[in-house]
Amino acid sequence: MSDVTDELDDSPMLEEVLGDALGKLRVFHAKLAEEGEPRGLIGPRDVGIIWERHILNSAAIVPFVKEATAKKQFKTVADIGSGGGFPGIVAAACLPDHRFTLVEPMERRVEWLNECVADMELNNVTVVRARANEMIEAIAGATGAQGGNRGNGSTRNGKGGKNGKGGKNGRGVAVRGPVLDLDGKPIQAKHPFAVVTCRAVAPMTKLSGWTLPLLERGGRLVALKGRSAQEEIEKASKEIAKCGGIRPRVVDAEVGPGLESTHVLMVDKK
């Protein structure tokens, strides 16, 4: 066990902000405090401030996700580059009526995420070892949309073999096989998502192409960002528009009473 005490461990703020999710997130906090630094998921300076820097910060997106899915029948969320579980694991604990897909390419982080899902008894989470591009291809293939590699089987998976090789149907028309994850298993995603989330993955010039194609019409990207978020939007205006993004904006999101707010970047999908 870590001998470092988190300054917010006994704060009533935790229940105020996290509500019914607090029990599951205490399990997550304890696991992070004990294993997070040695497993390379958080820095040594973070061990005493896990609640504020990682859990409450991640939970700041929850109101924006709820707003984006309020009128939707299928409340589906893809978290891209989930890493240590920020914000995906935290948001999934706070939103048990939403279905989360955590997308992470690194094997050791996928192992961590699966452990967290099991330890926290999160029944609304699926972890996929893949990059965003593989998810985009899987959805494009399932819906017949033009995107990813346009269904030609030309993109290679993480093991060097071709993804989604297929044969021909009874009419002699080429049929694309399933897109594979980095473990060589078919990706089960069939539909675009209502919301895509992420934290500290990449600047918007890259992130637009990794996230916006995963959204359904009327869906929303909700990304935790740093102080340069507005500047990122300005630099990526062409990429955002090219990917069908509209109304890019940055809002200050409350983390907790008396704590510094964070920046949430949102883009809607037309």
Side-chain angles (χ1 to χ4, degrees), residues 21 23-32 34-36 38-42 50 54-55 57-59 61-62 65 69 74-142 148 157-159 163-164 178-202 207 210-211 213-215 219 221-224:
K24 291 182 185 296
L25 289 172
R26 284 198 185 278
V27 174
F28 187 44
H29 182 279
K31 189 172 177 67
L32 278 168
E34 183 175 0
E35 304 176 42
R39 293 177 71 165
L41 297 161
I42 60 173
I50 291 171
H54 296 296
I55 297 179
N57 178 270
S58 293
I61 69 164
V62 168
V65 174
T69 61
F74 300 107
K75 301 178 187 298
T76 56
V77 183
D79 186 56
I80 301 301
S82 296
F86 321 117
I89 288 285
V90 177
C94 293
L95 296 168
D97 61 334
H98 289 53
R99 185 74 211 177
F100 282 76
T101 300
L102 309 187
V103 182
E104 168 58 49
M106 292 186 64
E107 187 173 14
R108 62 182 177 84
R109 290 179 178 172
V110 167
E111 182 179 357
W112 161 267
L113 292 168
N114 280 318
E115 289 175 17
C116 292
V117 169
D119 291 351
M120 297 169 68
E121 298 181 349
L122 296 175
N123 300 317
N124 60 330
V125 177
T126 300
V127 181
V128 179
R129 185 175 172 232
R131 296 171 291 243
N133 285 344
E134 279 105 21
M135 294 295 293
I136 292 168
E137 290 172 22
I139 290 171
N157 67 16
K159 296 186 177 181
N163 237 339
V179 177
L180 307 180
D181 66 16
L182 296 177
D183 291 321
K185 301 174 183 176
I187 294 176
Q188 300 300 320
K190 304 296 183 187
H191 305 283
F193 295 89
V195 175
V196 173
T197 61
C198 57
R199 185 179 89 156
V201 171
L207 194 64
W210 294 347
T211 57
L214 290 169
L215 288 167
L221 168 65
V222 181
L224 282 162

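Quick note: residue numbers are just sequence positions, from 1. Hydrogens, waters and symmetry mates play no part in the numbers below; they use all other heavy atoms, side chains included.
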Taken to the nearest 0.5 Å, the spacing of L41 CG from K31 NZ works out to 9.5 Å
Side-chain touch I89/S58, heavy atoms, less than 4.5 angstrom: no
Heavy-atom distance under 4.5 Å between the side chains of D181 and E134, does that happen here? no
Say whether, by atom type as modelled, one donor and one acceptor occur between the side chain of K190 and the main chain of A142 under 3.5 angstrom. no
So, N124 side chain and A92 main chain: donor-acceptor pair closer than 3.5 Å or not? yes
Enter the distance from R26:CZ to I55:CD1 here, rounded to the nearest 0.5 Å. 9.5 Å
Search all heavy atoms of W210 against all heavy atoms of A202 and return the closest pair with its distance. CZ3-CB, 3.5 Å
Counting C-beta onward and ignoring hydrogens, is there a side-chain heavy-atom pair between D97 and K75 closer than 4.5 Å? yes
Shortest non-hydrogen contact between I80 and A132, atoms and distance: CG2-CB, 4.2 Å
Over all atoms of both residues, closest heavy-atom pair of G84 and W112: O-NE1, 2.9 Å
In terms of ring plane angle, is the pair H54 and F86 parallel, tilted or perpendicular, where the classes change at 30° and 60°? parallel
Could you go through I61 and R199, starting from their C-alpha distance and side-chain angles, then the distance that decides it, and tell me whether this counts as side chain to side chain contact (heavy atoms under 4.5 Å, CB included)? CA-CA 10 Å; I61 69 164; R199 185 179 89 156; over 6 Å; no
Out of the candidates I187, T211, V196, only one should pair with M135 under the side-chain contact (heavy atoms from CB on, under 4.5 Å) rule; please name it. I187
Quick one: does any side-chain atom of R129 pair with a main-chain N or O of L182 as donor and acceptor, under 3.5 Å? yes
Where do G88 and L102 come nearest, in terms of heavy atoms and distance? CA-CD2, 3.8 Å
Shortest non-hydrogen separation from T69 to A194 and the atoms involved: CG2-CB, 4.1 Å
Measuring only between side-chain heavy atoms, which start at C-beta, is L180 closer than 4.5 Å to P186? yes
Is the closest side-chain donor-acceptor distance between H191 and T76 under 3.5 Å? no
From the list E111, E34, E115, side chain to side chain donor-acceptor pair (under 3.5 Å) with R39 holds only for E115
Rounded to the nearest 0.5 Å, what's the gap from CZ on F28 to CD1 on I50? Could you check? 9.0 Å
Run the numbers on K24 and L122 for side chain to side chain contact (heavy atoms under 4.5 Å, CB included), then give the verdict. CA-CA 8 Å; K24 291 182 185 296; L122 296 175; 3.8 Å; yes
Side chain to side chain contact (heavy atoms under 4.5 Å, CB included) between C116 and L32, intermediate numbers included: CA-CA 10 Å; C116 292; L32 278 168; over 6 Å; no
Of all heavy-atom pairs linking L214 and I139, the shortest is CD2-CD1, 3.7 Å
Per the side-chain contact (heavy atoms from CB on, under 4.5 Å) rule, which among V77, D79, V117 passes with V125? V117
Side chain proximity check, R99 to T126, heavy atoms < 4.5 angstrom: yes
